[in-house]
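Notes follow once the structure below has been shown.
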Amino acid sequence: NDIFYCWLAMHEINHSGLSEFELVLLNRELSKSILPDLFEYSSDSNLYKFMCGLEVHKNISDTIQYLDKLLDRINNQNYIYWVIFNNKKKAIGTVGVKVENNKSEISYAISPEYWGTNCVFYMLYCIFYYLVNNAKTNMVEAVMQADNRSALHVLKLSGFNIDQHIKNYYNCLDGGKIDALKVRASKEDINLNRIKAFIKLLDNNMNRLRWECEYYKRCCFFCIGRDR
């Protein structure tokens, strides 16, 4: 089911000519081949704007440790992870889902090079399509820094609402603390049609929206959750 529903969503979008991204389930063999790509964007300090407490990857060993952490979560903590690829088969992000007690938590990080594109809506459509059609989950949640208004806006567009404001949730590298927001949506609340409409809108107007329209830039610049 993990493969089928994401494949079905990707096929629907790509067959209609709306996007050229792909999600592939992460495993040990794949982690070796994507290592250079993940290090490339994980060594970009812009990626960590809304990931308080996490350090920029300084060498390839940091990225190996990160991938080992994701693989451990897959093997021992009920997580599923996908790798996001562009149309040149380059890894540009990861997205994870933890399913437990009829509830799912999502987390993701996307290369800053693809902030302001329809990549995030493509990824959300595929993941939410999988979750909506997965009988094991009724509620979807995400946790993000309280100042990450871009992530909040995109998830609200997708049908999420704020469930809780958590004080001093994140420990920062400088010793400070930052609040978090927990958002949630039931399977019935998730608006797949609206997400698909944004994929089409951003795909048809990519250059104009990416470089000129500040509104959509703010909507799409983010990483959330515990994907690091």
Side-chain angles (χ1 to χ4, degrees), residues 38 40-58 62-63 66 69-70 73 79 81-82 84 92-98 103-125 127-128 131 139-186 189-191 194-195 198-199 201-202 209-228:
L38 263 65
E40 181 180 326
Y41 73 75
S42 296
S43 59
D44 184 346
S45 60
N46 292 314
L47 180 68
Y48 301 86
K49 182 177 181 181
F50 295 111
M51 292 194 288
C52 175
L54 301 179
E55 296 189 57
V56 177
H57 289 195
K58 297 180 175 62
D62 292 337
T63 309
Y66 161 63
K69 182 167 64 176
L70 299 192
R73 289 174 180 172
Y79 277 86
Y81 276 95
W82 290 266
I84 308 167
I92 60 170
T94 54
V95 53
V97 175
K98 182 177 183 179
K103 182 175 64 177
S104 299
E105 181 178 344
I106 63 169
S107 56
Y108 48 89
I110 297 173
S111 167
E113 182 181 350
Y114 287 84
W115 292 358
T117 73
N118 64 354
C119 177
V120 65
F121 286 105
Y122 177 89
M123 177 272 297
L124 289 176
Y125 184 86
I127 296 303
F128 291 156
L131 291 174
M139 186 69 63
V140 184
E141 296 181 347
V143 179
M144 70 196 75
Q145 286 186 197
D147 59 346
N148 191 351
R149 296 300 171 184
S150 303
L152 178 62
H153 189 72
V154 170
L155 289 176
K156 279 188 171 182
L157 287 173
S158 305
F160 284 70
N161 290 296
I162 297 175
D163 178 64
Q164 189 177 2
H165 187 124
I166 311 170
K167 299 289 290 184
N168 300 323
Y169 184 83
Y170 292 104
N171 296 313
C172 300
L173 295 175
D174 61 5
K177 293 181 178 291
I178 290 183
D179 294 356
L181 292 177
K182 183 170 78 172
V183 298
R184 65 190 328 200
S186 68
D189 291 333
I190 293 174
N191 194 327
R194 182 180 292 172
I195 299 171
F198 270 88
I199 296 172
L201 177 65
L202 288 166
L209 291 178
R210 185 174 186 184
W211 301 114
E212 297 178 11
C213 182
E214 292 299 322
Y215 174 77
Y216 286 106
K217 283 186 180 181
R218 291 197 301 273
C219 284
C220 301
F221 283 24
F222 60 87
C223 302
I224 72 164
R226 301 165 182 165
D227 198 40
R228 288 273 136 182

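Note: hydrogens, waters and symmetry copies are ignored here, and every other heavy atom, side chains too, is used. Keep in mind it's a predicted model, so treat the numbers as computed, not measured.
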Look up atom [atom1] in [X] and atom [atom2] in [Y], then write down how far apart they are to the nearest 0.5 Å.
X	Y	atom1	atom2	answer
Leu152	Asp147	CG	CG	11.0 Å
Thr117	Ile92	OG1	CD1	6.5 Å
Phe160	Ser186	CZ	OG	9.5 Å
Asp174	Cys52	CG	SG	7.0 Å
Ile195	Asn118	CD1	CG	12.5 Å
Met51	Cys172	CE	SG	13.0 Å

[X] versus [Y]: any side-chain heavy-atom pair under 4.5 Å?
X	Y	value
Ile84	Cys119	yes
Tyr48	Pro112	no
Tyr66	Thr94	yes
Asp189	Met139	no
Phe128	Asn191	no
Tyr41	Ile110	no

Applying salt bridge (charged side-chain N to carboxylate O under 4.0 Å, His left out), name anything that partners [X], two or more places apart in sequence or on another chain.
X	value
Lys58	Glu55
Lys103	Glu141
Asp163	Lys182, Arg184

Quick one: closest heavy-atom pair of [X] and [Y], and the distance?
X	Y	answer
Ala142	Leu155	CB-CD1, 4.1 Å
Val56	Ser45	CG2-CA, 3.8 Å
Leu124	Ser158	CD1-OG, 4.1 Å
Gly159	Ala185	O-CB, 3.6 Å

One pair to check against side-chain contact (heavy atoms from CB on, under 4.5 Å): Ile106 and Leu131. What are the steps and the verdict? CA-CA 10 Å; Ile106 63 169; Leu131 291 174; 4.0 Å; yes
Kindly indicate, with the supporting measurements, whether the criterion side-chain contact (heavy atoms from CB on, under 4.5 Å) is fulfilled by Lys177 and Asn171. CA-CA 5 Å; Lys177 293 181 178 291; Asn171 296 313; 2.3 Å; yes
Does the Asp179 side chain pair with the main chain of Asn168, one donor and one acceptor, at a distance under 3.5 Å? yes
Do Asn161 and Lys156 pass the side-chain hydrogen bond (donor to acceptor under 3.5 Å, both in side chains) test, and can you show the C-alpha distance, the side-chain angles, and the key distance before you say yes or no? CA-CA 6 Å; Asn161 290 296; Lys156 279 188 171 182; over 6 Å; no
Residues Phe121, Val154; criterion side-chain contact (heavy atoms from CB on, under 4.5 Å); working and verdict: CA-CA 8 Å; Phe121 286 105; Val154 170; 3.8 Å; yes
Measure from the ring center of Phe50 to the ring center of Tyr170 and say whether it is less than 6.0 Å. no
